[in-house]
Amino acid sequence: MATTPTTPAKKSTKATTAKQSTQPQESAAPATPLAQLPQLRIYNTETHEEEPFVPLGFPVKMYVCGLTPKNEPHLGHARLFAVNDTVRRYLEYRGYKTRYIQNFTDIDDKIIAAGLREGIAPSLAARRYTESYFRDMGRINVQPADEFTYVTEFIPQIIEVVQGLIDKGHAYVVEGGDVFFSVPSFPAYGRLSGRDEDAMLVGARIEPDERKHDPRDFALWKSAKPGEPWWESPWGRGRPGWHIECSTMVLKTLGEQIDIHGGGSDLIFPHHENEIAQSESYTDKVPFVRYWLHTGMLSLPTKSEAAASESEQQKMAHSGEFITIRSVLASGEIPAPALRAYLLGQHYRANLVYSEEQLRATVKRWRAWAETRATALRLREWAAQRLADTQDEAAPQANGKGRGRKRAGAENPSLACGERENTLRQQLATARTDFIAAMDDDFNTSLALSALDELAHRINDYTSGIGETPTPATVKALDDAVATLDELANAIGIELVDSEAAGKTLDDATRAQIEALIAQREEARARRDWSEADRIRKALNDEYRVTLKDTPQGAVWSVREE
RNA sequence: GGUGACGUGGCCAAGUGGUUAAGGCGAGGGUCUGCAAAACCCUUAUUCGGCGGUUCGAAUCCGCCCGUCACCUCCA
């Protein structure tokens with residue numbers, strides 16, 4: 001109960017951005033003074049506990065280790081970036097400005113291999129799969145980073161940082177032109193992953209390189225082997241080691257210290273441990289990162305239920321077998337927003353075993369939210385029209401203003417006072433409060449989704465009880481309901497419209513045919529000719545994939561994806 | 001072997017010291033409907049891997065045991 005959930009600072013929408021001289025502008029100051037921002041709590045891998053989120057300043061600086069574009073992005077990637085996108089969106093929803101950077105490791109052994117595999121230049125392979133990344137992430141509503149950084153575009157900066165580390169005695173050049181970071185020069189090494197020196201030496205599968213002064217030392221710069229891409233450097237032709245590119249890109253885009261660093265939990269060691277060593281050694285600023293935010297792995301279930309006890313789950317990238325985002329969405333049975341909801345259905349830090357059954361369950365869940373929204377919108381239009389008609393009737397003899405409205409109220413005092421609307425209003429507020437409380441607690445998206453369930457149920461209660469005579473309060477209530485639903489869903493990036501399906505608009509001729517059939521069916525129903533009505537409904541279903549619903553306000557139809 | 005995490009209903013998953021253990025899917029019953037669809041209502045864990053302990057009180061804290069997962073492999 002630490003926070004009083006104030007009305008969240010909403011992102012200014014396009015409509016309102018035109019003139020906002022009263023609001024302090026984005027630059028440095030947040031919309032709300034720092035001290036007044038709500039207390040968000042974030043689990044920090046480094047301390048192993050949830051901590052109050054206190055950013056260094058504004059905007060909140062966030063960096064996420066991106067991917068090596070060597071293949072089609074899979075569901076593990078989808079989860080990682082959906083989670084970090086959700087963090088970013090939610091921070092914005094809570095009134096924080098953010099600056100979000102994400103990299104592509106576009107040169108690496110695996111990329112060289114991908115190029116060979118496909119008979120194209122490594123750079124072309126990298127570009128191809130970078131495009132796949134944007135395509136797929138766009139579909140699950142992951143917003144592009146404020147800036148994407150590419151290793152191949154940071155070579156000079158990387159060389160600069162490597163040289164700096166050498167100059168400060170944290171790195172050394174060996175014969176052959178490789179440069180290693182000296183782990184013993186950084187006493188705090190191991191603080192993120194909780195490993196001490198012995199632990200790293202005893203069981204570790206480190207292949208000792210005789211040129212290393214210490215077995216834990218790692219490469220900052222690797223000399224080029226024949227046929228490999230290379231760049232000139234003070235130490236000869238070569239390319240950056242792993243790790244150093246992230247330290248460099250953070251430094252050059254966000255500065256010496258940042259608020260949030262995200263990535264998969266598999267990167268804790270050695271990648272992030274090494275990043276800390278490099279960055280803090282170079283800048284002498286501690287800590288390099290305020291909050292380490294690691295997302296759990298997504299793995300595939302065992303193939304054979306029989307051998308289920310044998311523990312056969314395999315992390316996607318490890319098993320060599322993975323499910324791509326594209327393949328999941330290909331059939332059209334899984335709306336992209338529902339996939340995102342599935343990926344957010346479990347806490348981000350937990351490992352998630354992929355389950356098609358649960359994914360399909362989430363599709364139903366998401367469809368229910370979408371249905372709630374669509375119904376509320378439909379009734380809103382109906383109610384508004386109804387009111388307008390009433391007013392028109394009243395207008396002639398009364399010569400105008402407010403007559404119709406007044407009359408409706410006078411005839412239906414119970415509706416006019418809006419008891420149901422007041423109840424709904426409270427329920428909307430409760431849903432928002434629950435949602436925010438859940439998300440404030442280390443981004444508990446699972447709980448947040450249940451707040452959406454509850455919200456949808458309460459809205460359904462309201463819409464199913466709307467009578468024949470709507471009032472202005474009805475319209476207002478429906479507007480508020482849709483706005484709240486959109487507000488909360490958007491805060492975590494879940495769209496409530498399947499924009500891909502909606503995009504496939506029917507041509508006018510087909511639409512006209514469908515509507516003609518529906519009109520025929522309405523006539524048949526009026527005649528109580530049920531067999532004819534059913535025949536038409538079946539025809540619509542079979543031939544046009546149209547699902548028909550008879551509502552008190554008339555027939556409603558939609559086209560199914562398949 | 002070392003490091004970190006976890007084990008909650010048929011499936012998934014919140015909750016981590018205190019009135020009735022969220023939510024989704026599934027299942028059963030009902031309301032509405034000409035029939036559907038959708039929606040709504042009710043039911044579905046005396047119990048939180050096992051055994052001990054701390055406590056007035058534990059799924060929640062401690063110990064042991066059993067089981068699972070991730071990392072120590074330039075894999076997100």
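Letters go in sequence order (proteins before strands), and every chain restarts at 1. Note: hydrogens, waters and symmetry copies are ignored here, and every other heavy atom, side chains too, is used.
- Within the 4.0 angstrom heavy-atom criterion, only backbone atoms of the sugar-phosphate kind lie near A:H347; the bases stay farther away.
- B:U8 and B:U47 have their P atoms separated by 16 Å, given to the nearest Å.
- For the residue pair A:Y63/A:N103, the side-chain donor-acceptor check at 3.5 Å is satisfied.
- The gap from the C1' atom of B:A5 to that of B:C42 amounts to 39 Å, rounded to the nearest Å.
- Among the heavy atoms of the strands, none lies under 4.0 Å from A:R360.
- Among the candidates A:Q102, A:E72, A:H77, A:R128, the single residue satisfying the side chain to side chain donor-acceptor pair (under 3.5 Å) test with A:Y133 is A:Q102.
- Between A:K538 and B:A36 there is no side-chain polar atom (N or O) within less than 4.0 angstrom of OP1 or OP2.
- The shortest distance between the side-chain N/O atoms of A:H457 and the OP1/OP2 oxygens of B:G24 is below 4.0 Å.
- Across all strands, A:L548 comes closer than 4.0 Å to base atoms (heavy-atom distances).
- OP1 or OP2 of B:G15 has at least one side-chain nitrogen or oxygen of A:N444 nearer than 4.0 Å.
- Between B:A76, B:A5, B:A14, one nucleotide has an atom nearer to the side chain of A:Y43 than all others, and that is B:A5.
- Between the side chain of A:R349 and the base of B:A5, no donor-acceptor pair of N or O atoms lies under 3.5 Å.
- Contact annotation for A:Q358: base contact, defined as any heavy-atom pair under 4.0 Å involving a base atom.
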Go through the steps for A:T152 and A:F104 under the test side chain to side chain contact (heavy atoms under 4.5 Å, CB included), then give the verdict. CA-CA 9 Å; A:T152 55; A:F104 285 102; over 6 Å; no
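- Among the atoms of the strands shown, none is found under 4.0 Å from any heavy atom of A:H243.
- Between the C1' atoms of B:G26 and B:G9, the separation comes to 12 Å (whole Å).
- Nucleotides B:C51 and B:A27, compared at atom C1', are 34 Å apart to the nearest Å.
- For the P atoms, the distance linking B:U54 with B:U60 amounts to 15 Å, nearest Å.
- If you take atom C1' in B:U31 and the same atom in B:A36, they sit 15 Å apart, rounded to whole Å.
- Listed by chain and residue number, A:S355 satisfy the side-chain contact (heavy atoms from CB on, under 4.5 Å) test with A:E357 (two or more places apart in sequence, or in another chain).
- Of the possible polar contacts, one joining the A:S233 side chain to the A:W235 backbone as a donor-acceptor pair under 3.5 Å is found.
- OP1 and OP2 of B:A38 both lie 4.0 Å or more from every side-chain N or O belonging to A:K364.
- Taking atom C1' in both B:A45 and B:U20, one finds a spacing of 13 Å when rounded to whole Å.
- One interatomic measurement links the two molecules: CG of A:D529 to C1' of B:A36, which rounds to 16 Å at whole-angstrom precision.
- Pair check for B:G57 finds none; no Watson-Crick or G-U wobble contact set falls under 3.5 Å.
- Proximity of A:N460 to the phosphate of B:C40: a side-chain N or O atom is located under 4.0 Å from OP1 or OP2.
- Residue contacts shown for A:R521 include a base, since a base heavy atom lies under 4.0 Å away.
- Using a 4.0 Å heavy-atom criterion, one finds that A:D461 contacts the sugar-phosphate atoms exclusively.
- The separation of B:A14 from B:C6, taken at their P atoms, amounts to 11 Å, rounded to a whole angstrom.
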